[in-house]
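What follows is a set of notes on a single structure, which appears directly below.
Excluded from the calculations below are hydrogen atoms, water molecules and symmetry mates; all remaining heavy atoms, backbone and side chain alike, are included. When a ligand or atom number is given, it counts from 1 through the structure's own listing order.
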Amino acid sequence: MSEETIFRKIINKEIPADIVYQDDFVTAFRDISPQAPVHILIVPNKLIATVNDIEVEDEVLVGKLYCVAKILAKQEGVDISGYRLIMNCNQDAGQEVYHIHLHLLGGKNLGKLISVEETIGE
Ligand code: AMP
């Protein structure tokens with residue numbers, strides 16, 4: 001797996017992005033193609049390609065993604081109204097960028113998680 005994901009370039013500020021949070025471990029920036037009024041991607045600075053590649057040593061780092069999500073949800077004013085956190089893994093989930101990232105979505109009623117009723121039993 002290449003070390004050069006587009007998110008690596010954003011973390012390193014080699015390409016522009018609307019970064020809303022960055023520390024030594026995590027970077028968060030607005031999604032370039034937002035699916036909700038608030039759509040932020042929360043990314044570990046360390047490259048982990050998929051959820052399948054998370055190691056025991058990454059437990060604290062992955063937990064930190066959720067702590068940053070909580071901070072940003074409050075900052076964006078959606079902590080009370082509600083928000084959704086999603087991490088896609090591999091093809092069936094539609095993962096496009098192979099550098100794990102938590103989607104923070106909010107600012108509108110997001111409806112049901114997925115249209116399971118329509119897909120189960122097909
Ligand atoms: P996923 O399908 O879970 O891998 O999500 C990848 C997300 O990255 C999509 O929502 C894209 O819109 C977003 N994305 C791709 N390139 C960029 C970029 N340069 N800046 C911000 N978001 C991006």
Practice problem: Considering only non-hydrogen protein atoms, determine which one is nearest to atom 6 (C) of ligand 1 and report residue, atom name and distance to 0.1 Å. | Solution: H101 NE2, 3.5 Å
Practice problem: Using non-hydrogen atoms of the residue, decide whether A17 is closer than 4.0 angstrom to ligand 1. | Solution: no
Self-check item: Protein contact to atom 21 (C) of ligand 1 [nearest heavy atom, distance to 0.1 Å]
Solution: I32 N, 3.3 Å
Practice problem: Please identify which atoms of ligand 1 are closer than 4.0 Å to at least one heavy atom of R30. | Solution: 21 (C)
Quiz item: Are E55 and K46 ion-paired here, with the side-chain N under 4.0 Å from a carboxylate O?
Solution: no
Quiz prompt | Proximal atoms of ligand 1 relative to F7 (non-hydrogen, under 4.0 Å) | solution = 8 (O)
Exercise. Kindly work out whether a path of hydrophobic side-chain contacts (I/L/V/M/F/W/Y, heavy atoms less than 4.5 Å apart) joins F25 to V51.
Key: yes
Self-check item: Polar side chain donor-acceptor pair, Q22 to K13, under 3.5 angstrom
Solution: yes
Practice problem: Go through ligand 1 atom by atom and flag the ones less than 4.0 Å from a non-hydrogen atom of I6. | Solution: 19 (N)
Quiz prompt | Numbering as shown, the atoms of ligand 1 that approach F29 to under 4.0 Å (heavy-atom distance) | solution = 21 (C)
Quiz item: Are the charged groups of K64 and E59 less than 4.0 angstrom apart, N to O?
Solution: no
Quiz item: atom 4 (O) of ligand 1: which protein heavy atom is closest, and how many Å away?
Solution: E96 N, 2.6 Å
Quiz prompt | Exercise: identify the closest heavy-atom pair between S33 and H39 | solution = O-ND1, 4.1 Å
Quiz item: Is there a donor in the side chain of T50 and an acceptor in the side chain of N90, or the other way round, less than 3.5 Å apart?
Solution: no
Quiz item: Hey, is the main chain of L102 close enough, under 3.5 Å, to the side chain of N88 for a donor-acceptor pair?
Solution: no
Quiz item: Can I15 be said to touch ligand 1, with heavy atoms closer than 4.0 Å?
Solution: no
Quiz item: Is the F7 ring parallel, tilted or perpendicular to the H99 ring (thresholds 30°, 60°)?
Solution: tilted
Quiz item: In terms of residue, atom name and distance, what is the protein heavy atom nearest to atom 12 (O) of ligand 1?
Solution: D31 OD1, 2.5 Å
Practice problem: Taking atom CG of D23 as the centre, report whether more than 12 heavy atoms of other residues, nucleotides or ligands fall under 6.0 Å from it. | Solution: yes
Quiz item: Would you say L41 has any N or O atom under 3.5 Å from an N or O of ligand 1, going by distance alone?
Solution: no
Quiz prompt | Q35 near ligand 1 by a heavy-atom separation under 4.0 Å | solution = no
Quiz item: I10 heavy atoms, cut-off 4.0 Å: which ligand 1 atoms fall inside?
Solution: 18 (C), 19 (N), 20 (N)
Self-check item: Shortest reach to atom 2 (O) of ligand 1 by a heavy atom, considering only S33, G94, P16
Solution: G94
